[in-house]
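Step one of this worksheet: look at the structure below.
Residue numbers begin at 1 in each chain, while the letters A, B, ... track the order of the sequences.
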Amino acid sequence: MLDKRYNPKDIEKGKYQNWKEKNYFECGDLKKRKFSMVIPPPNVTGKLHLGHSWNTTVQDIIARYKRAKGFDVLWLPGMDHAGIATQAKVEERLRKEGISRYDLGREKFLEKAWEWKKEYAETIHKQWEMMGLSLCYSKERFTLDEGLNKAVRHVFKTLYDKGWIYQGEKIINWDPEFKTALSNIEVIYQDDPGKFYYFKYYIENSDRYLEVATTRPETMFGDVCVVVNPKDERYKDLIGKKVINPANGDLLPIIADDYVDVEFGTGAMKCTPAHDPNDFIIGQKYGFPHPKCMDETAHMNDLAGKYKGQDRFECRENLVKDIEKAGNLIKVEDIIHQVGHSERSHAVVEPYLSKQWFVKMDGLSKNSLNLQNSKDKVEFIPERFNKIFTNWMTDCDDWCISRQLWWGHRIPAYYNKITGEVLVSEEEPKDMENYTQDEDVLDTWFSSALWTFSTLGWPEKTDDIERYFPLDIMVTAYDIIFFWVARMIFQGLEFMGSRPFDKCLIHGLIRDANGKKMSKSLGNGIDPIDVIDKYGVDALRYFLTTSTSPGLDTRYSDEKIAAASNYLNKIWNASRFILLNLDDNDNESNLSIDESKLDAIDKYILTRLQETIKNVTSNMEKYDFANASTHLYNFVYDDFTSWYVELCKVKLNGDNLELKQNTKAVLIKVLKDIILMIYPYTPFIAEEIYLNLPGHKESIMLDSYPEVNEKYLFDKESLEVLDLIHMIKDVRAYKVENNLAPNAQVELNIVPLYKDFDSSLFITYLKRFAFAKEVSIVSTIEGNIKVYPSCQMEIKDNIDKSVLLEKIEKEIERLNSEIARGEKMLSNPGFVQKAPQAKIDLEKAKLEQNKKDLEVYLEKRAKIA
RNA sequence: GGGAGUUUAGCUCAGCUGGGAGAGCAACUGUUUUACACACAGUAGGUCGGCGGUUCGAUCCCGUCAACUCCCACCA
């Protein structure tokens with residue numbers, strides 16, 4: 001039997017281990033239709049946050065729902081080695097012990113990194129368990145495991161042979177802290193305060209000078225020329241002459257190029273090919289060299305003369321001071337400008353000329369765009385994210401994939417020690433002694449991009465690939481559409497020849513109560529574990545998946561979790577009440593519904609139940625879990641606990657044993673369906689209640705999702721019970737209005753409006769729930785009248801005529817305005833001609849009813865007056 | 001500079017293909033009614049951001065303006 005209180009901690013205990021041990025999470029039943037998903041692999045860098053909880057709960061709901069719907073569900077778990085992020089953490093840990101990765105050397109360092117991975121994998125497993133995720137653990141993968149490495153090598157080699165992977169010397173985004181190249185999307189631009197320095201560049205052998213402005217004076221040591229616009233009248237005569245670089249006295253030619261904007265700054269631009277992508281293009285165009293003035297840690301090199309060894313910002317400051325002393329500083333403007341920072345280290349990214357590996361994007365993106373224009377496209381939910389995806393695909397730069405790190409897939413390129421020739425090969429060359437392997441590793445996302453099929457054993461031809469690829473759905477937040485979703489799509493297309501998943505369900509980010517992003521530095525992060533401790537995991541899961549709208553961000557709030565918890569408590573207690581009413585000999589068979597004995601109230605709840613199953617299911621199918629849950633919530637509160645369970649108490653306390661038994665059967669039936677529908681959201685409480693129901697299976701995980709049953713749809717009885725409910729409400733309101741106690745006794749008269757009106761139903765329940773001393777069936781009503789579709793009701797009282805008249809007057813007024821509205825609508829030729837027939841009929845019926853009601857009230861008024 | 005999203009009750013948000021706006025929390029009144037005070041019964045609260053258009057009819061469709069948020073973009 002259920003405890004008096006819903007206590008999440010107690011009921012969550014042991015369930016997960018049990019499910020896991022019984023292999024309920026595993027897939028492989030070939031008799032069933034397959035449904036497959038892979039988890040977006042979390043980084044092995046730390047604890048999971050609420051964003052993960054959200055993302056994985058959505059998937060768990062899908063997995064559990066699909067299993068209950070009879071699918072063979074593969075939900076593949078795994079983790080990401082997260083190159084830069086993890087390496088940074090490991091290095092940080094080492095630094096605390098006073099050692100650097102270079103002290104250890106590559107091999108030893110990697111051992112440390114694997115230790116780290118092991119440690120954090122354990123943490124992540126624990127958190128998955130805590131969240132109740134029904135993952136197929138037997139299929140678990142890691143982005144750096146042997147199989148995935150094989151896939152990576154194969155992909156690299158294939159694309160290289162095709163010419164779609166190449167090595168090139170380009171300006172890339174350099175992270176001077178982690179000393180590695182980054183891809184464009186790993187750079188975060190933010191508005192930083194900066195300075196715009198205006199310097200005098202004297203014309204050679206002249207007193208005249210050119211004003212040149214820059215935000216990065218330290219790069220002046222890498223300058224090769226000054227560029228002006230050929231149309232710029234101010235400088236026309238200077239083109240071809242030379243100016244003196246105020247940083248080092250070098251002579252720089254003045255050249256002309258359209259690229260320079262006459263309006264911007266001084267109209268004269270210094271050009272540093274090795275430290276700026278645009279300058280690089282200009283440098284190439286005019287055949288300038290491209291000297292670098294910094295080393296890989298963004299410290300100045302030989303070119304910077306006396307500033308050698310200084311950090312770039314230190315050099316900037318010193319250099320400006322020196323130029324000022326020399327009288328060549330004109331002014332300094334404070335500006336706010338966009339500065340690129342490394343996504344991981346947050347260091348200011350240095351555009352830097354460097355030899356790196358790239359993935360050529362034009363062919364891959366064209367294929368993806370074609371896919372999205374075909375009927376085989378990946379369906380984004382919500383759809384607008386397709387546009388985000390295709391916009392990005394339409395013009396994206398080549399993808400820089402090499403990273404100067406150790407933790408990751410090492411690039412399968414080998415350089416001949418003598419000739420320097422490059423050999424790209426999936427396996428080490430046989431004469432390895434003649435080769436050295438490329439030192440670099442691949443961008444983490446290179447392996448993540450293959451996650452949808454490499455995890456199934458590709459490039460081997462495995463049964464899992466055959467059965468589970470392509471995946472049915474991918475669930476992820478919108479912030480990694482470019483990093484991950486896009487790359488999975490083009491790689492899936494390239495190597496598997498099809499979209500990697502049919503649908504891509506995009507959700508938002510979780511924010512704090514004020515709408516701010518949760519972050520460590522702000523200290524506004526919420527640890528899922530704390531929430532679980534306080535409210536239980538079911539409440540957290542329910543909150544995460546129901547108080548959100550597709551594709552939008554959501555705010556965390558304690559109140560919302562508390563509300564979820566209250567809801568679960570409600571279900572708990574309703575279950576408890578129902579179970580308390582069972583006796584020892586009740587079992588599955590004597591609790592099956594006898595349809596011939598259903599009364600109006602049973603028919604009402606069963607009808608509403610069918611409608612609810614229909615609405616919930618259709619929303620589950622659309623992956624709209626918020627909407628689905630709302631339908632269930634309303635049913636649970638309004639129809640089931642507020643009315644049906646309350647009304648049933650009459651029958652349960654009565655002495656009609658047959659009726660009582662059938663009522664219990666209906667209660668159990670409705671409760672069971674509710675539990676089965678709430679189960680994907682809140683598996684723990686659902687399992688606990690489920691296991692207390694008669695005729696339960698070994699676990700709710702083995703039962704199936706409720707289906708609509710046409711034989712439980714009843715119109716007339718539903719309508720009558722609805723009227724009964726309205727009557728009870730009206731009587732209650734009447735009492736409040738007249739300062740009567742809630743349980744004050746009243747006398748009621750009822751006029752049935754049709755022949756087979758079930759008067760005993762109304763009498764019984766009005767007595768109990770409206771505290772009616774007496775309910776009489778009459779043919780006409782003298783006093784305080786209320787009108788319903790199936791009957792009229794009078795609350796007998798001795799209010800004086802004037803008050804009664806006033807009330808009737810009010811009602812007449814209301815009806816008149818309703819009738820006026822209806823008549824206006826129906827006499828509008830436009831409406832009658834163009835509105836759908838159903839709407840016209842509805843309005844006509846409403847008008848008729850209102851007219852009828854008005855007549856009743858008018859008659860009443862005449863009588864009293 | 002381009003693109004997307006948001007704007008509905010005091011707060012957080014729903015509102016499904018256009019046909020008289022809803023929930024949760026908060027507020028107010030009442031109730032220890034034998035599942036639940038984590039509850040029940042009831043009440044109050046909204047020119048659905050502004051303007052214009054389409055339509056018989058607009059919170060919903062179109063245009064425009066405003067505010068906020070986010071993404072993308074090489075302006076030195």
Side-chain angles (χ1 to χ4, degrees), chain A residues 2 4-6 171 184-185 189 196 212-216 219 227 259-261 263-272 276-281 337-338 351 382 384-385 387-388 391-392 395-396 478-479 481-482 508-509 511 513 515 517 546-549 551-555 557-560 562-581 615 618-619 622 624 626-627 630 633-634 637 641-642 645-646 649 653 728-729 732-733 735-737 739 741-743 768-769 771 818 821 824-825 827-836 838-840 842-843:
Chain A
L2 304 180
K4 187 156 185 198
R5 284 176 87 93
Y6 160 53
I171 299 278
N184 293 354
I185 52 176
Y189 287 91
F196 209 17
V212 179
T214 179
T215 53
R216 298 191 297 153
T219 63
V227 194
Y259 172 77
V260 174
D261 182 352
E263 305 293 320
F264 189 85
T266 63
M269 182 190 89
K270 72 185 211 53
C271 174
T272 325
D276 184 282
N278 296 306
D279 293 7
F280 181 74
I281 294 166
H337 61 156
Q338 294 250 300
R384 64 189 156 87
F385 288 105
K387 213 167 162 189
I388 308 247
N391 281 351
W392 185 74
D395 46 9
C396 57
Y478 61 73
D479 62 337
I481 290 178
F482 305 142
L509 307 176
R511 301 175 171 278
K517 219 170 170 172
T546 62
S547 61
T548 56
S549 212
L552 295 183
D553 291 349
T554 195
R555 295 182 187 206
S557 96
D558 239 32
E559 288 80 39
K560 285 191 238 174
S565 174
N566 290 350
Y567 174 42
L568 298 180
N569 182 57
K570 187 76 186 174
I571 292 178
W572 178 265
N573 272 294
S575 309
R576 191 168 163 266
F577 170 77
I578 293 164
L579 292 169
L580 282 170
N581 273 287
N615 289 330
S618 76
N619 280 295
K622 288 189 285 185
D624 189 342
N627 237 331
T630 303
Y633 180 94
N634 291 337
Y637 265 97
T641 59
S642 288
V645 170
E646 290 303 321
K649 286 177 181 171
N653 292 336
I728 294 168
K729 285 186 167 199
R732 285 172 179 169
K735 289 176 184 176
V736 170
E737 211 174 294
N739 287 320
N743 57 359
R768 170 72 189 256
F769 291 94
F771 293 92
E818 282 297 306
R821 173 185 165 270
K824 189 182 159 201
M825 220 167 172
S827 65
N828 181 337
F831 178 76
V832 182
Q833 281 162 28
K834 294 175 187 170
K839 176 67 188 167
I840 295 173
L842 189 77
E843 284 301 327

Which protein N or O atoms sit under 3.5 Å from an N or O of nucleotides 71-76 of chain B?
from  : atom 1 : to     : atom 2 : distance (Å)
B:A73 : N6     : A:Q338 : OE1    : 3.2
B:C74 : O2'    : A:N278 : ND2    : 3.2
B:C74 : O2     : A:Y259 : OH     : 3.0
B:C74 : O2     : A:N278 : OD1    : 2.9
B:C74 : O2     : A:N278 : ND2    : 2.8
B:A76 : N6     : A:D261 : O      : 2.8
B:A76 : N6     : A:F264 : O      : 2.9
B:A76 : N1     : A:D261 : N      : 3.3

In the structure shown, which nucleotide is the Watson-Crick or G-U wobble counterpart of [N], with both distances under 3.5 Å?
N	answer
B:C51	B:G63
B:A35	none
B:C40	B:G30
B:C13	B:G22
B:C70	B:G3

Euclidean distance, atom [atom1] of residue [X] to atom [atom2] of [N] [Å, nearest integer]:
X	N	atom1	atom2	answer
A:K649	B:C40	NZ	P	11 Å
A:F769	B:U31	CZ	C1'	16 Å
A:K622	B:C16	NZ	P	10 Å

**Message:** Test your reading of the model: is there a side-chain donor-acceptor pair from A:N569 to the backbone of A:S565, 3.5 Å cut-off?
**Reply:**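 Checking the backbone N and O of A:S565 against the side chain of A:N569, no donor-acceptor pair under 3.5 Å is found.
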
With a non-hydrogen cut-off below 4.0 angstrom, is [X] in contact with a base, only sugar-phosphate, or nothing?
X	answer
A:T548	nothing
A:N569	base
A:P351	nothing
A:K560	sugar-phosphate
A:A563	sugar-phosphate
A:Y637	sugar-phosphate
A:S549	sugar-phosphate

Whether [X] contacts [N] is assessed here as follows: a side-chain N or O lying under 4.0 Å from the phosphate OP1 or OP2. Is that the case?
X	N	result
A:R821	B:G20	yes
A:K839	B:G57	no
A:N566	B:A39	yes

**Request:** Mind listing the closest non-hydrogen atom pair of A:P277 and A:P351 along with its distance?
**Result:**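 In terms of heavy atoms, the two residues are closest at CD-CB, 4.0 Å.
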
**Request:** Return the minimal non-hydrogen interatomic distance between A:N743 and A:K735, and the atom names on each side.
**Result:**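 Distance-wise, the nearest heavy atoms are C-NZ, 4.3 Å.
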
**Prompt:** Quick one: do the A:Y478 and A:D553 side chains pair a donor with an acceptor below 3.5 Å?
**Reply:**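 A pair is found: one side chain offers a donor N or O, the other an acceptor, under 3.5 Å apart.
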
Looking only at side-chain atoms of [X], point me to the closest of [options].
X	options	answer
A:L552	B:A4, B:G5, B:C36	B:G5
A:R732	B:U6, B:C25, B:A41	B:A41
A:Y633	B:C36, B:G19, B:A23	B:A23

**Message:** Between the base of B:A41 and the side chain of A:E646, is there a donor and acceptor pair under 3.5 angstrom?
**Reply:**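 Per atom types, no contact qualifies.
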
**Message:** Between B:G5 and A:R384, counting only base atoms on the nucleotide and side-chain atoms on the residue, is there a donor-acceptor pair under 3.5 Å?
**Reply:**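 Answer is no: no donor-acceptor pair is held.
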
**Item:** Span that lies between the C1' atom of B:G24 and that of B:C60, in whole angstrom
**Value:**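 After rounding to an integer number of Å, I get 23 Å for this pair.
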
**Item:** Interatomic distance at P, B:G22 relative to B:A44, whole Å
**Value:**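 These two P atoms come out 13 Å apart once rounded.
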
**Heavy-atom side-chain contact between A:Y633 and A:T546 under 4.5 Å** =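 No, too far: nothing below the 4.5 Å cut-off.
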
**Item:** A:E843 bridged to A:R821 by N-O distance under 4.0 Å
**Value:**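 Salt bridge: yes.
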
**Item:** Cationic tip of A:K839 above A:F831 ring, under 6.0 Å, 45° of axis
**Value:**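 No.
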
